[in-house]
Amino acid sequence: MSELRWNPTLEEWVITATHRQDRTFFPPPDYNPLAPTLPGGFPTEIPANDYEIVVFENKFPSLRYPAPEPSIDPTGLEPVVPSEGVCEVICYTPDPTTELANLPLRKIEELVYVWADRFEELSSREYVKYIFIFENKGKEIGVTLSHPHGQIYAYPFIPPIAERELNASRRYSEKNGSNLYEDIIQQEMNDGRRLVSANDHFIAIVPFYARYPFEVHIIARQPVTAIVDLDDVGKIALASILKTTISRYNNLWDRSFPYIMVMHQRPCNSSASEYDHYRFHIEFYPPYRTPDKLKFLAGSEAGAGVYINDTHAEVTAETLRNTPDSR
Amino acid sequence: MKIVKKIITKEDGRELTYYHFLDSASESQQRAFESVDATEIALNSREVSSANTRTIHTLGDANV
């Protein structure tokens with residue numbers, strides 16, 4: 001049972017999804033639901049004995065359409081509505097032992113095309129307002145299935161963080177007459193201390209305002225505001241800088257590096273020009289601050305929304321810049 | 001990049017999309033994609049929907 005409950009104190013929706021309490025939790029290898037279905041084997045989510053990339057609706061979705069009626073009656077103070085939307089799982093490799101960073105560049109390019117296709121497909125549904133593409137990687141993040149995969153949440157509203165970014169960039173543009181992200185890119189390219197890597201279409205930085213020690217933002221250098229705006233060269237450039245970034249993460253301490261990867265873009269059913277004050281970008285939130293210490297979201301972060309970073313972006317950016325792409 | 005996709009409806013009504021990349025698929029993946037068929041996959045005939053196959057992108061000029 002899932003529903004959207006309105007929080008009037010923060011003016012935001014909360015999704016309750018009680019059926020997710022019993023979702024699949026680290027199944028044994030023979031019962032991997034994201035593997036291909038082999039002859040005589042356990043029937044997985046993918047009814048074929050091999051695949052390249054498959055995308056399917058989550059078996060334990062937080063959002064679905066049509067959505068069931070809420071379990072509780074709304075009040076004027078605390079509305080509750082059906083949790084309409086779409087939750088998808090993207091399986092981009094049939095190999096449960098690998099990860100995105102280890103895939104050939106070609107395979108990551110193909111994934112970028114799939115992301116763009118999902119944006120286009122889900123945007124066509126009138127109840128969808130925002131496409132959120134992301135990946136949770138690592139037990140430390142709370143992943144319950146170790147087979148490498150990403151997800152898409154197609155929300156029926158613009159989520160709070162996206163809304164803050166869109167509004168902030170609009171206000172900046174109205175005040176300064178320029179694009180906030182373009183100005184950030186120019187500053188970082190000129191400064192260099194927080195630069196991790198760059199190509200003609202993207203820049204990867206540890207932002208000046210990084211909240212996590214090894215937080216990286218990959219920002220489009222061209223005026224694109226959604227993944228569907230990327231042309232073929234742009235998609236390939238995105239795949240390249242993604243592979244560089246996540247490979248360096250793994251090579252930092254010679255082990256698989258957990259992170260949350262999120263894609264921030266304009267709302268769907270909008271035009272690029274409508275949001276030309278904004279810029280398509282991807283953010284990484286890795287939880288480790290040292291090889292053996294996690295950064296926890298404690299009182300200041302969770303209760304006040306004020307992050308405390310134990311490092312300086314200039315230091316961690318230099319570390320990542322000096323980390324090889326391959327070993 | 002030449003991509004084809006098939007969309008099927010699973011037994012429980014959820015949609016699944018297979019993406020097939022013509023230029024990079026292995027023989028096993030090629031055979032698997034060709035084997036995808038809604039009639040064969042949907043065990044419950046009430047939930048069978050026609051497999052929807054279409055080319056979503058063809059990149060002829062960039063040679064990638």
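Letters go in sequence order (proteins before strands), and every chain restarts at 1.
- Considering all non-hydrogen atoms of both residues, B/Gly13 and A/Glu57 come closest at O-OE1, 4.2 Å.
- Rounded to the nearest 0.5 Å, atoms CD (A/Glu52) and CD1 (B/Ile3) are 10.0 Å apart.
- The only option from A/Lys59, A/Arg64, A/Glu88 that meets the side chain to side chain contact (heavy atoms under 4.5 Å, CB included) definition with B/Arg14 turns out to be A/Lys59.
- A heavy-atom distance below 4.5 Å is not found between the side chains of A/Tyr51 and B/Val36.
- Proximity of A/Asn49 to B/Arg31: side-chain heavy atoms (C-beta onward) are nowhere separated by under 4.5 Å.
- Contact of the A/Lys235 side chain with the B/Met1 side chain is not registered, since no non-hydrogen atoms from C-beta on lie closer than 4.5 Å.
- Within the structure, the salt bridge (charged side-chain N to carboxylate O under 4.0 Å, His left out) test picks out the following pairs touching residues 89-100 of chain A (sequence neighbours left out): A/Glu99-A/Lys137.
- In this structure, CD1 in B/Ile8 is found 11.0 Å from CZ in A/Phe56, a value given to the nearest 0.5 Å.
- In this structure, B/Gln30 CD and A/Asp50 CG are separated by 11.0 Å, a value rounded to the nearest 0.5 Å.
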- Item | Criterion side-chain contact (heavy atoms from CB on, under 4.5 Å) on A/Val54 and B/Tyr19, from CA distance to verdict | CA-CA 6 Å; A/Val54 293; B/Tyr19 287 87; over 6 Å; no
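- The OH atom of B/Tyr18 lies 10.5 Å from the SG atom of A/Cys91; values are rounded to the nearest 0.5 Å.
- Residues passing the salt bridge (charged side-chain N to carboxylate O under 4.0 Å, His left out) test with B/Glu15, sequence neighbours excluded: A/Arg125.
- Residue A/Glu120: no heavy atom, backbone or side chain, is found under 4.5 Å from chain B.
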- List the steps, then state whether side-chain contact (heavy atoms from CB on, under 4.5 Å) holds for B/Phe21 with A/Ile53. CA-CA 9 Å; B/Phe21 302 88; A/Ile53 297 180; 3.8 Å; yes
- Item | Step-by-step side-chain contact (heavy atoms from CB on, under 4.5 Å) determination, A/Glu121 to B/Thr17 | CA-CA 11 Å; A/Glu121 161 60 32; B/Thr17 304; over 6 Å; no
